Amino acid sequence: ETGVTQTPRHLVMGMTNKKSLKCEQHLGHNAMYWYKQSAKKPLELMFVYSLEERVENNSVPSRFSPECPNSSHLFLHLHTLQPEDSALYLCASSQGGGRGDTQYFGPGTRLTVL
Amino acid sequence: AQTVTQSQPEMSVQEAETVTLSCTYDTSENNYYLFWYKQPPSRQMILVIRQEAYKQQNATENRFSVNFQKAAKSFSLKISDSQLGDTAMYFCAFMNPPGANAGNMLTFGGGTRLMVKP
């Protein structure tokens, strides 16, 4: 595997379910990001981790819970979601700490909340 | 807060012709970074080109070039010799430097859907 991978690619869940999205980067980067891409809105930054510490939250509802166990892996735990949370969730990584580091994106997880 | 505006929701161009996508942004910083990303129908977001604000020379990458007008806060993308594979959503993005408000965070525009026609 190369670059940034995400699993699953598609997920359908009910509002009472608990699920997790997984992201893995194979680029040796130190920073990882979660973005939400909805049909009618620009990409929204949800969470940023740099060297495994969260540095940005962006007022995301608590039903989204990120986890970064090491610099290569990032999870987004989901529970009691709402239909409006249906979106494409993108993970990205960057070298971290530098100036204007390019972010490299994964293919995304298409989430549908019923 | 930074804002990025892409005023053209959709554009089309004939294969082999040239098209320009517009982007404007708002910031009080003097040094920052600008990006164009491409998102084809397969959904993988790919970096097209990157510009550092302190560099006056416009960035180029093969058929892709930018027209960076710092005073006007404008950052347009020109695609020359358009190919069918250029069909995608194109996103303009802005990044403040580390230490600034939301430093190192990308702010995206709403995107422009480009269709290249045979």
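Only a predicted model underlies this, so the values are computations on that prediction, with no experimental measurement involved. Residue numbers start from 1 in every chain, and the chains themselves are labelled A, B, ... in the order their sequence lines are given, proteins ahead of strands.
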Shortest non-hydrogen separation from A/P107 to B/Q44 and the atoms involved | CB-OE1, 3.5 Å

CZ on B/F108 to CD on A/Q37, rounded to 0.5 Å | 8.5 Å

Of the listed A/V4, A/L45, A/T102, A/L90, the one with the largest count of heavy-atom pairs under 4.5 Å with chain B is A/T102

Co-membership, hydrophobic cluster, residues B/Y90 and B/V19, 4.5 Å side-chain | yes

Would one find more than 12 heavy atoms of other residues, nucleotides or ligands at under 6.0 Å from atom NZ of B/K78?
-> no

More than 12 heavy atoms of other residues, nucleotides or ligands under 6.0 Å from CD of A/E84: is that the case?
-> yes

Kindly indicate whether the side chain of B/L106, heavy atoms from C-beta on, has any atom under 4.5 Å from the side chain of A/Y33.
-> no

In this structure, are over 12 heavy atoms from other groups packed under 6.0 Å from A/R63 atom CZ?
-> yes

Return yes when atom CG of A/N70 has more than 12 non-hydrogen atoms of other residues, nucleotides or ligands closer than 6.0 Å, and no otherwise.
-> yes

Side chain, backbone, both or neither: which part of B/Y32 has a non-hydrogen atom closer than 4.5 Å to chain A?
-> neither

Say you draw a straight line from CZ of A/F105 to CG of B/L47; how long is it, rounded to the nearest 0.5 Å?
-> 9.5 Å

Taking atom CD of B/Q57 as the centre, does the number of heavy atoms from other residues, nucleotides or ligands within less than 6.0 Å exceed 12?
-> no

Interface moiety of B/E52 toward chain A, non-hydrogen atoms closer than 4.5 Å | neither

Please report the shortest heavy-atom distance between B/G109 and A/P42, naming the atom on each side.
-> O-CB, 3.7 Å

What part of A/E44 is in contact with chain B, defined as an atom under 4.5 angstrom from a non-hydrogen atom: side chain, backbone, both or neither?
-> neither

Between B/L77 and B/L84, is there a shared hydrophobic cluster once you connect ILVMFWY residues whose side-chain heavy atoms come closer than 4.5 Å?
-> yes

Other residues, nucleotides, ligands: >12 heavy atoms within 6.0 Å of A/K19 NZ | no

Distance (rounded to the nearest 0.5 Å) between B/Q39 CD and A/L43 CG | 7.0 Å

Does the side chain of A/L88 come within less than 4.5 Å of B/M45's, by heavy atoms?
-> no

Looking only at heavy atoms, what is the nearest atom pair of B/M105 and A/V48, with distance?
-> SD-CG2, 3.6 Å

